[in-house]
2 protein chains.
Amino acid sequence: MNEKPLSESTEMYLKALAELSAREPVAVARLAERLGVTPVSANEMVHRLDEQGLVSHKPYKGVALTKKGREIASDVLRRQRLWECFLFDHLNIEWAQIYEFACSLEHATAPEVTEALAVFLNHPKTCPRGNPIPEQDGSFEPLNGAPLSEAEVGSVVTALAVNATATDVLKYLQERNILPGREIEIVEAAPMRGPLTLRVEGKEVVLGLSLAEFVIVK
Amino acid sequence: MNEKPLSESTEMYLKALAELSAREPVAVARLAERLGVTPVSANEMVHRLDEQGLVSHKPYKGVALTKKGREIASDVLRRQRLWECFLFDHLNIEWAQIYEFACSLEHATAPEVTEALAVFLNHPKTCPRGNPIPEQDGSFEPLNGAPLSEAEVGSVVTALAVNATATDVLKYLQERNILPGREIEIVEAAPMRGPLTLRVEGKEVVLGLSLAEFVIVK
DNA sequence: GTTGATAATAAGGTCAGCCATAATATTATT
DNA sequence: AATAATATTATGGCTGACCTTATTATCAAC
């Protein structure tokens, strides 16, 4: 593998792309939004990544990871999610905060540390947010589910994963018991892409569609 | 406490100062050397730190940490050394590498994580390099020892700590069994500040004076 | 096909932390 | 007191990743 030192920013872009879409191109604007930068800045950065061969940007069509980029992104996700496991299972850090904390640690983690951590944790398959942890070779089984926002009204589904990254969003979902493993009944969907009414753990909660998109269910 | 976000660079400078001297001013050139930057760059940075009230720089006299700077440095050292414990005791990372790896992690560690880590590790008092781990309030008992380079010929001492930070230096010392807890006999000191001849674990080793300065013994 | 929204590009600016080179200041030594 | 060695300051430059404010392309919808 090529072990050139990648900047923290590069890692964040690749990770965001991997999280936003397994394969289809992502609009630069969406990327900018998730990373909290202006579309112009994201565009610049995407150019740089394109030149490095990490992404392929087709103007007006979106950005996608190249093979090389996807490999690196897998590696970043592996580190990220292993740390999430450690923080949650061993340090008892609050669920909503682990993404944020793991994210910082991830950038600072040498390969030796990553693998030693995997051994220590006994090679977990998923992180506390329900997402799969890529193997060392980059492989992992994608989640077999769909966003809660697309679930049928009246059905009862099981949350598989929560794909949000912002701590306040995670906190909001945690408070409403929308966590991996929980059963969720879709009681009602307001018209015109309005919020969903759900029943979770016996309680009714109302959830905006954009938040529901973060929740992967089956 | 003031929780302004300090840059990685700032943390490195404060840490280096804390490691180089508990109290007496340190020459800017020495600081530059340890941090691997040019004296001019170190000077600039020292100016910035002075303006922030973290150090006090008396031209031609040296730099020293202020109270505020020392507090932050303690915090940084705490994080650094807690990670060293984790990496060594739980991840079984090679002794010579833990400083380097812990250093990266340190910068990326939130206070909540630091304290959770301290609990997880059961509040260790020293790191694997033998250095004390500051308490949350910044207090710690300084090492009661002196550099090996100042030990008397013929005496037998015990290594308390190894203050080196560069991985290759640590590796060199590790290979010669110069590790915290080991007994060291000073067999001979070459004239004109030449190298020391030591007996460690039954074997004779020759050690340059500048390396011997890193080893704190009693 | 024209138009309005969205996407992309261009141009110029900021900031931290480094760099080199050159000019001064200070200290220490003779 | 002169000088050599060392410290400091001055100046100007670079880089990555961001920013704002135009301007120009393209797509999608009527």
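Chain A is the first sequence line, chain B the second, and so forth, proteins listed ahead of strands; every chain is numbered from 1. Predicted, not measured: the structure shown is a model, and the values here were computed from it.
Shown for residues 25-33 of chain B: residues whose heavy atoms fall under 4.0 angstrom of DNA chain D, namely B:V28, B:A29.
Donor-acceptor pairing under 3.5 Å is recorded for the side chains of B:T167 and B:E100.
B:H57 has its NE2 atom 10 Å from the P atom of D:dA7, to the nearest Å. Separating the CD atom of B:E11 from the C1' atom of C:dA16 is a distance of 15 Å, rounded to the nearest angstrom. Rounded to whole Å, the distance from CE on A:M12 to P on D:dC18 is 10 Å. Between the CG atom of A:N43 and the P atom of C:dA10 there is a distance of 10 Å, rounded to whole Å. The CD atom of A:E8 sits 14 Å away from the C1' atom of D:dC18 (whole-angstrom rounding). The distance from atom NE2 of B:H47 to atom C1' of D:dA7 is 11 Å, rounded to the nearest whole Å. Regarding A:E51, its CD atom lies at a distance of 12 Å from the P atom of D:dA17, rounded to whole Å. Atom C1' of nucleotide D:dA10 and atom CD of B:E44 are separated by 10 Å, given to the nearest angstrom.
Distance from the side chain of A:S9 is smallest for D:dC18 among the nucleotides D:dT9, D:dC27, D:dC18. The side chain of A:P59 approaches C:dA8 more closely than any other nucleotide in the set D:dC27, D:dC18, C:dA8. Set against D:dC18, D:dG12, C:dT21, the side chain of A:M45 has D:dC18 as its closest nucleotide. The A:S41 side chain lies nearest to D:dC18 when the options are D:dA10, C:dT9, D:dC18. For B:Y60, counting side-chain heavy atoms from C-beta on, the closest listed nucleotide (C:dC18, D:dT8, D:dC18) is D:dT8. Minimum atom distance to the side chain of B:T38 is reached by C:dC19, of the listed D:dC27, C:dC19, C:dT27.
Of the two residues contacting DNA chain D, namely B:P39 and A:G36, the nearest-nucleotide position lying further toward the 5' end is that of B:P39.
At least one side-chain heavy atom of B:L87 sits less than 4.5 Å from a side-chain heavy atom of B:L105.
Ring pair A:F120/B:F86: centre-to-centre distance below 6.0 Å.
Sorted by first then second residue, the side-chain hydrogen bond (donor to acceptor under 3.5 Å, both in side chains) pairs that include residues 25-37 of chain B, not counting sequence neighbours, are B:E19-B:R34.
In this structure, B:R193 pairs ionically with B:E213, as a charged nitrogen and a carboxylate oxygen lie closer than 4.0 Å.
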Next on the checklist: Could you walk me through whether A:V76 and A:E106 satisfy the side-chain contact (heavy atoms from CB on, under 4.5 Å) test, starting with their C-alpha distance in whole Å, then the side-chain angles of each, then the deciding distance to 0.1 Å, before giving a yes or no?
Outcome noted: CA-CA 7 Å; A:V76 175; A:E106 171 266 299; 3.4 Å; yes
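Looking at residues two or more places apart in sequence or on another chain, you find no side-chain hydrogen bond (donor to acceptor under 3.5 Å, both in side chains) involving A:H57.
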